[in-house]
Asks: 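Let me give you the structure first, and then I'll get to my questions.
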Amino acid sequence: MNTTTQSPDGSGRMFDAIAQRYDLLNRINSLGLDRSWRRRMIEALSVLPGHRVLDLATGTADLPIMITEDLRDVRVVGLDPSKKMLDVGREKVARSAEAERIELVEGDAQALQFADASFDRATMAFGIRNVPDRDKALAEIRRVLVPGGRVAVLELSEPKNGLLAAMARLHVKYGVPAIGALLSSHGEYKYLRESIEAFDSVEVFCDRLTRAGLIVELTEPLTFGACVLYVARRPEADA
Ligand SMILES: C[S@@+](CC[C@H](N)C(=O)[O-])C[C@H]1O[C@@H](n2cnc3c(N)ncnc32)[C@H](O)[C@@H]1O
């Protein structure tokens, strides 16, 4: 679950500070829903045997582990600028039965170190909000995807309508920063609400995907809109 505004020195540095507690905070803040949201993301991405998957903003590597455990014959590269998030991720990967199919690397979504058309699928869960230049990151994702390749993005959102939506808004507004303050010695969690409010609406983010040269295939609100799943595809042929 995303938790932050950007650090002045690059957002990875801020995540270094909370890396050891990230998984626990994530589970509590999302009321345990983050795992089911990631699972839905994997399902919607239609990953096939033999596929190479790039997980951007991989953090502590929950997605690479889930993808390789669910799908045989799939290799995942997880990328993140936070060395300490990756350290926690590497410990988890080492305990996974599928460790040899996962590689974790340092990097920035805005300037990927991979050749054009290196991946069949890309994922980014609760990461795009931390990237200063989202358009650049989306252009990079398009570049490293094979023609016809797909990307899935999960991002938190403000639930809009109904009683449950109102309760979810209260949780995000007051519960999450309080839990964060309690469990973390750092102040980052207080920014969660502001960063959710400041993030693109579904329409604006779809527009970004389209401007990056991707075809939006799916937008799906999850848990009354507390989270939104986007799936987009690189066209088979360049326009
Ligand atoms: C809220 S965590 C999400 C981690 C993981 N995807 C998950 O589902 O739990 C956001 C991650 O985005 C990473 N991040 C921040 N800026 C980034 C950038 N420019 N490129 C790639 N990842 C970035 C942070 O280091 C952090 O690990």
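Small disclaimer: the values here were computed from a predicted structure and weren't measured. Ligands are counted one by one from 1 in listed order, and the atoms in each one are counted from 1 as well.
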Asks: If you look at every heavy atom in Gly127 and Ala57, which pair is closest and at what distance?
Replies: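 Looking at all heavy atoms of both residues, the shortest contact is CA-CB, 3.7 Å.
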Asks: Heavy-atom contact under 4.0 Å between Thr58 and ligand 1?
Replies: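 Contact check Thr58 vs ligand 1: positive.
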Asks: So is Ala109 polar-close to ligand 1, meaning N/O to N/O under 3.5 Å?
Replies: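 Yes.
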Asks: Does even one non-hydrogen atom of Asp62 get within less than 4.0 Å of ligand 1?
Replies: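 So Asp62 does not count as touching ligand 1.
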Asks: Under 4.0 angstrom from ligand 1, any heavy atom of Arg38?
Replies: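 The answer is yes: ligand 1 sits under 4.0 Å from a heavy atom of Arg38.
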Asks: For ligand 1, is there an N or O atom under 3.5 Å from any N or O atom of Gly127?
Replies: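 Between Gly127 and ligand 1, no N or O pair is found under 3.5 Å apart.
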Asks: As an exercise, identify every atom of ligand 1 less than 4.0 angstrom from a heavy atom of Met85.
Replies: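 Matching atoms, with element in brackets: 27 (O).
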Asks: For residues Ala137 and Ile128, report the shortest heavy-atom separation together with the two atoms involved.
Replies: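 Shortest heavy-atom separation between Ala137 and Ile128 comes out as CB-CD1, 4.2 Å.
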Asks: Using 30° and 60° as the class boundaries, would you call the ring planes of Phe114 and Phe119 parallel, tilted or perpendicular?
Replies: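 Correct class here is perpendicular.
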Asks: Does Leu63 come within less than 4.0 Å of ligand 1, judged by its heavy atoms?
Replies: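 So Leu63 does not count as touching ligand 1.
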Asks: For Arg211, I'd like to know if atom CZ has over 12 heavy atoms of other residues, nucleotides or ligands within 6.0 Å.
Replies: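 More than 12 heavy atoms, drawn from other residues, nucleotides or ligands, come within 6.0 Å of this atom.
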Asks: I want to check something: taking the side chain as every heavy atom from C-beta on, are Val151 and Leu214 in contact at a cut-off of under 4.5 Å?
Replies: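 Counting from C-beta outward, Val151 and Leu214 do come under 4.5 Å.
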Asks: Quick check: closest heavy atoms across Lys83 and Asp16, and the distance to 0.1 Å?
Replies: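 Minimum heavy-atom separation between Lys83 and Asp16: N-OD1, 3.3 Å.
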Asks: Below 4.0 Å, non-hydrogen atoms only: which portion of Gln110 touches ligand 1? Side chain, backbone, both or neither.
Replies: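 Near ligand 1, Gln110 shows its side chain, while the N, CA, C and O stay back.
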Asks: Is there at least one pair of N or O atoms, one from Ala125 and one from ligand 1, spaced under 3.5 Å apart?
Replies: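 Such a contact does occur with ligand 1.
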Asks: Looking at Gln113 and Glu106, would you say the former's side chain and the latter's main chain have a donor-acceptor pair under 3.5 Å?
Replies: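 Yes, Gln113 side chain to Glu106 backbone: donor-acceptor pair under 3.5 Å.
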Asks: Between Arg52 (side chain) and Arg121 (backbone), is there a donor-acceptor pair under 3.5 Å?
Replies: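 Such a contact is absent between Arg52 side chain and Arg121 backbone.
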Asks: So is Thr60 polar-close to ligand 1, meaning N/O to N/O under 3.5 Å?
Replies: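 No, there is no polar N/O contact under 3.5 Å.
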Asks: List ligand 1 atoms under 4.0 Å from Asp108, heavy atoms only on the residue side.
Replies: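 Here the atoms of ligand 1 in question are 18 (C), 19 (N), 20 (N).
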Asks: Please could you name the atoms of ligand 1 that Phe126 approaches to less than 4.0 Å, counting only its heavy atoms?
Replies: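 Heavy-atom distances to Phe126 below 4.0 Å select 1 (C), 2 (S), 3 (C), 8 (O), 10 (C).
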